[in-house]
Asker: 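There's a structure below that I have some questions on.
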Amino acid sequence: MSITDARVIDIHAHAVLEETFGTAGEYGPALTEEDGVPVFRIGSYKLRGVRYRGSAFMDPEVRIAAMDRAGIDWQLLSPNPLTYFHFIPAAEAIAFCRRHNDIMAALVRTRPDRFGGAAALPMQDVTAAIAELRRAVTELGLVAAYIGTDMPHGLDDPCMDPFYEAVCALDVPLFIHPAPAGIDGPAASPALAKYELDIMLGFTMQESIAVATLLFGGVLHRHPALDICISHGGGAVALVWGRLEQAAKKRAWAPDHLRRDGAFAEQLRRIWYDIHMHDDRAVDLLVERVGTSRLVYGTNFAGWDAPETFHMPTTDLPLADNARRLLRA
């Protein structure tokens, strides 16, 4: 089996790499125990109760056995969102990303029939991020770039244009996935501190903002060859489509290229969307908005919200073929 003949390709599968622990200096990451409870520490932030060690997150043989049970043939392994480190000092972030990508490449080389790897990047230093992406792709054989939604500058900041140009020149996709706000960057609203709303609703907000920023900021217009994949169906973009489209036509700040009839939909249909959305009706609405040619399957494999068995939302979505096109396989 390989990606070329895989029937089920999962592009939303985070990995935790023990060999990276401690490489971001005081920010860790570190995996310890307190009163018998596992604790994953990133700087002053502590995630309690998630048993990474011995799980599919950290043990590739456990992962493959779980993939077989779930009916998943091939996975794109990606950085843990808790360790994007986009807001820490650049030197520590660069050291972490280099080590992460070295270990990720070594891991996927052991089972290229089941895994590919995505690169972690130090986005607070765009020049360093470009250099690390180039190394990760041309020297290590990683097949995608993977970043968070938030960093010290916006996704539409002019300083990001050389990065997008490098992604296109290297002919790899760019995956964007949120992290819980406040881990190493600005804190989220206090209202998101309860009930894990920072993950359940905060992620949706961050993804929606990312899509709107890419759209209104002209990123897709300036970089027509750029392939960006947004997690969780792009947040709430299918639901707030009409409001965003109205803004594109009516607001003074909207760019001219979005005012033409049909331009808004054309731009949003340029983005790729992971359909890990937990609701077939939500997927159906996304299909109605953007079609099926840029939808890919994702599971958040081994995460709290991952499905226990493979579930195809509808039988007529060409998810595996789409993933192969996105990953140039």
Side-chain angles (χ1 to χ4, degrees), residues 1-4 6 9-25 27-29 57-60 63-64 74-86 88-148 151 159-177 223 225-229 272 296 323-329:
M1 180 67 67
S2 68
I3 189 174
T4 57
I9 298 171
D10 178 7
I11 57 80
H12 189 155
H14 306 301
V16 177
L17 307 176
E18 184 151 15
E19 297 89 340
T20 66
F21 292 174
T23 54
Y27 301 95
F57 280 112
M58 293 184 67
D59 188 324
R63 178 183 291 272
I64 288 172
W74 193 92
Q75 285 185 336
L76 176 70
L77 304 186
S78 55
N80 180 357
L82 298 179
T83 57
Y84 288 149
F85 290 129
H86 288 343
I88 70 173
E92 284 89 339
I94 292 167
F96 173 83
C97 290
R98 285 184 64 88
R99 182 62 170 162
H100 176 282
N101 296 337
D102 288 342
I103 300 305
M104 177 69 82
L107 170 59
V108 301
R109 278 196 298 268
T110 66
R111 292 301 302 267
D113 58 322
R114 305 304 299 270
F115 303 139
L121 300 171
M123 296 308 300
Q124 57 272 77
D125 184 332
V126 175
T127 299
I130 293 169
E132 180 56 22
L133 178 60
R134 187 173 292 119
R135 186 184 79 92
V137 173
T138 63
E139 298 180 23
L140 302 180
L142 299 183
V143 297
Y146 213 97
I147 66 173
M151 56 200 71
C159 77
M160 287 288 286
D161 283 332
F163 173 73
Y164 296 133
E165 290 166 4
V167 172
C168 293
L170 291 165
D171 193 29
V172 293
L174 172 62
F175 289 81
I176 300 179
H177 182 297
H223 305 281
L226 182 63
D227 278 330
I228 293 178
C229 183
W272 299 73
V296 287
R324 276 185 280 269
R325 286 192 295 113
L326 177 59
L327 293 167
R328 284 71 167 153

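Just so it is clear, the model here is predicted, and its values are computed rather than measured. Computed from heavy atoms alone, side chains included, the values below leave out hydrogens, waters and symmetry copies.
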Asker: Which atoms form the tightest heavy-atom contact between Ala119 and Ala136, and what is the distance?
Answerer: CB-CB, 3.7 Å
Asker: Using atom types as modelled and distance alone, determine if a side-chain donor or acceptor of Asn101 lies under 3.5 Å from a backbone N or O of Ala120.
Answerer: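 Looks like yes, one N/O pair under 3.5 Å.
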Asker: May I have the step-by-step check of side-chain contact (heavy atoms from CB on, under 4.5 Å) for Val172 and Val143, ending in yes or no?
Answerer: CA-CA 6 Å; Val172 293; Val143 297; 5.6 Å; no
Asker: Could you check if a side-chain atom of Met151 sits within less than 4.5 angstrom of a side-chain atom of Leu121, using non-hydrogen atoms only?
Answerer: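 No, every pair of side-chain atoms sits at 4.5 Å or beyond.
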Asker: Does Ile64 offer a backbone N or O that forms a donor-acceptor pair with the side chain of Gln75 under 3.5 Å?
Answerer: no
Asker: Test side-chain contact (heavy atoms from CB on, under 4.5 Å) on Phe85 and Thr23 and set out the steps.
Answerer: CA-CA 11 Å; Phe85 290 129; Thr23 54; over 6 Å; no
Asker: Answer yes or no: is there a donor N or O on one side and an acceptor on the other, between the side chain of Tyr84 and the main chain of His177, under 3.5 Å?
Answerer: yes
Asker: I'd like to check Thr83 versus Tyr27 (side-chain heavy atoms, cut-off strictly below 4.5 Å). Are they in contact?
Answerer: no
Asker: Between Ala90 and Asp125, what is the shortest heavy-atom contact and its length?
Answerer: CB-CB, 4.1 Å
Asker: Hey, are the side chains of Phe175 and Leu76 touching, using non-hydrogen atoms and a 4.5 Å cut-off?
Answerer: yes
Asker: Considering all heavy atoms of both residues, which atom of Trp74 and which atom of Pro112 are nearest to each other, and what is their separation?
Answerer: NE1-O, 3.4 Å
Asker: Is the shortest heavy-atom distance from the side chain of His223 to the side chain of Phe163 under 4.5 Å?
Answerer: no
Asker: Kindly compute the distance separating CG (Leu17) from NE2 (His100), expressed to the nearest 0.5 Å.
Answerer: 4.5 Å
Asker: Can Asp102 and Arg135 be counted as an ion pair, charged N to O under 4.0 angstrom?
Answerer: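 Counted as a salt bridge, because a side-chain N and a carboxylate O are separated by less than 4.0 Å.
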Asker: Please check this pair: side chain of Arg99 against backbone of Glu19, looking for a donor-acceptor N/O pair closer than 3.5 Å.
Answerer: yes
Asker: To the nearest 0.5 Å, how far apart are SG in Cys97 and CE in Met104?
Answerer: 11.0 Å
Asker: To the nearest 0.5 Å, what is the distance between CG (Leu140) and CZ (Arg109)?
Answerer: 7.0 Å
Asker: Please test Glu132 against Ile94 for side-chain contact (heavy atoms from CB on, under 4.5 Å), starting from the C-alpha separation and ending with a verdict.
Answerer: CA-CA 8 Å; Glu132 180 56 22; Ile94 292 167; over 6 Å; no
Asker: Taking the side chain as everything from C-beta on, heavy atoms only, tell me whether Arg111 gets closer than 4.5 Å to Arg63.
Answerer: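 SC-SC contact between Arg111 and Arg63 ruled out.
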Asker: Any chance you could measure Ile228, atom CD1, to Leu174, atom CG, to the nearest 0.5 Å?
Answerer: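 Interatomic distance, Ile228 CD1 to Leu174 CG, rounded to 0.5 Å: 5.0 Å.
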Asker: Pro60 and Met58: which non-hydrogen atoms are nearest, and at how many Å?
Answerer: CD-O, 3.5 Å
Asker: Provide the closest heavy-atom pair for Cys229 versus Ile11 in the form atom of the first, atom of the second, distance.
Answerer: SG-CD1, 4.4 Å
Asker: Where do Val296 and Ile9 land on the side-chain contact (heavy atoms from CB on, under 4.5 Å) test, with the steps shown first?
Answerer: CA-CA 8 Å; Val296 287; Ile9 298 171; over 6 Å; no
Asker: Given side chains that start at C-beta, do those of Pro122 and Glu92 come closer than 4.5 Å, heavy atoms only?
Answerer: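 A side-chain contact under 4.5 Å is absent here.
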Asker: Of all heavy-atom pairs between Ala225 and Cys168, which one has the smallest distance, and what is that distance?
Answerer: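 The pair with the smallest heavy-atom distance is C-SG, 3.7 Å.
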Asker: Can any side-chain N or O of Arg324 pair as donor or acceptor with the backbone N or O of Ile3 at less than 3.5 Å?
Answerer: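 It does hold such a pair.
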